[in-house]
Amino acid sequence: MPTTEFRDASVKALANPELRANFRRAMDGLISKRAELFAQGQDWAPLRALGAAAKLNALANLPVLLEKLEAKLIANGVQVHWAETIDEGNEIVKTIMAKRGAKRAVKGKSMVSEEMHLNHALEAEGIEVIEADLGEYIIQLDHETPSHIIMPAIHKNKKQIAKLMFEKIKNAQYSEDVDEMTALARHVLREKFEHADVGFSGVNFAVVETGTLVLVENEGNGRMCTTVPPVHIAIMGLEKVVERLDQVPALLNLLTRSATGQPVTTYINMITGPRRPGEKDGPEEMHLLILDNGRSRVFADPELRDTLRCIRCGACMNHCPVYTRVGGHTYPGVYPGPIGKILMPQILGIEAAGDLPHASALCEACTEICPVGIPIGDLLVRLRREGARPSHGPIAVKGAGAQGTAREALIWRGWRAVYSAPALYRLTMWGLTRFGRMFPSWLPGLSAWTEVRAKPVFAKQTLHELAERAGISDD
Ligand code: SF4
């Protein structure tokens, strides 16, 4: 999506009262649930410090830990694949499926698979992929993408979902009863699980020490995807690594509380390989696909690396005054909200997503709420700078400098010259305060200045009256 389309999409979203009401209602609920939990004696600051330390430790040793993880997983019977790009990732998945002659797949929630556009890639090969997470299933029925990383169908209300299910599911009865709608989806999905050749899942944390893939979920669909079909393919970004198992509880605690306001998630799956001899369930074959897609470039920059701490809880979205008004479909790429504003310009490049770091008032609500302490505000400012002019990081941000213009560079050079010579600065200020208002409003580069700097009529009158009453001159 070219960057101007983000602006256009925001204007359109702001004019949609139903969308805004759906988001407002959902976000208010999530904010208060989270606040209640952290107010109940749960000590936020030490827990957050533990979570941040676990992620910082993993990032400090990432290349070594990834190699150790691979070795441990192989020892556990898992086949590990590395993909530098999303095309490579999709090819790897297609090859695994072709070897098994697989034609049907079920997929648990995985944002990385969304990033890869995996469903499209497989459907183009004639493979049926059914989303097994209820929210993902709903948006798949409507051929949409997720609007939130935790609650993909959050932009829809009950009535819209009831209508969609009635229209898209064969023999469905119209019902706005949540239990009946859920039962209908379960009925369809059970049959899909039974006949699936492959099950896909995401990964929340990949533990190096034990070679364990940790997966949290609320519906049980993740457990079904990873145990019922004969082949399980887990997909993760290379930043999901955690060194030790004892670091996981703090991260799980932070993740579920921050994401949905739950003290603990309904299912925590700890997967350490395919079915072993004598075991009654589990896949015959298990694969892990580790995707880079620009993450190595992010990792190479010591400041921007903090982006990779993210545990995808979505709390920054729920608290963001921009996201809560425009919704997730406005953003280019699959990660919306504050995390999308720092991640997508680095993955897609400044040309495609360079407007995102500017779509922020820098209120820092996201920084304050982030359970692993990512300095989102600082990274937004850094990426704004990269948009105008590449800084000297170890590896340039993709498309750095794409937003800079010769006119802007000239203005800033002039400003630097004025600002660094006190006499010239005083003379310029003297001239601007006296003659600034004489600049015609159409003058390029100065119209916004004169518009903002001119005192509004109301203010001028009020000031004049106040000055008169006080017996002083307001000149
Ligand atoms: S940036 Fe922080 S708050 Fe936002 S999704 Fe990631 S971990 Fe959660």
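Counting starts at 1 for both ligands and their atoms, following the listed order. As the structure is a prediction and not an experimental result, all values here were calculated from the model. Start at 1 with the first residue, then count along the sequence.
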Pair His287 + His232: ring centers closer than 6.0 Å:
no
Nearest protein heavy atom with distance in Å, relative to atom 6 (Fe) of ligand 1
Cys310 SG, 2.3 Å
Nearest-neighbour protein heavy atom for atom 7 (S) of ligand 1, which is reported as residue plus atom name and distance:
Ile311 N, 3.4 Å
heavy-atom search around atom 2 (Fe) of ligand 1 in the protein gives Cys370 SG, 2.4 Å
When distances are taken from atom 8 (Fe) of ligand 1, the protein heavy atom at minimum range is Cys313 SG, 2.4 Å
What orientation do Tyr331 and Tyr323 show, parallel under 30°, tilted 30 to 60°, or perpendicular over 60°?
tilted
Can you list the atoms of ligand 1 that are under 4.0 Å from a heavy atom of Gly314?
5 (S), 8 (Fe)
Counting non-hydrogen protein atoms only, what is the nearest one to atom 4 (Fe) of ligand 1? Give residue, atom name and distance.
Cys316 SG, 2.3 Å
Is Glu239 paired with Arg295 through a side-chain N to carboxylate O contact shorter than 4.0 Å?
yes
Per the side chain to side chain contact (heavy atoms under 4.5 Å, CB included) rule, which among Leu251, Leu254, Leu255 passes with Pro371?
Leu254
Logged contact type for Ile374 with ligand 1, heavy-atom cut-off 4.0 Å, is side chain
Measuring from the heavy atoms of Pro371, does anything fall under 4.0 Å of ligand 1?
yes
Validate the cation-pi geometry between Arg385 and Trp412: distance from NZ or CZ to the six-membered ring centre under 6.0 Å, angle to the ring axis within 45°.
no
Student check: side-chain heavy atoms of Leu141 and Ile169 closer than 4.5 Å
yes
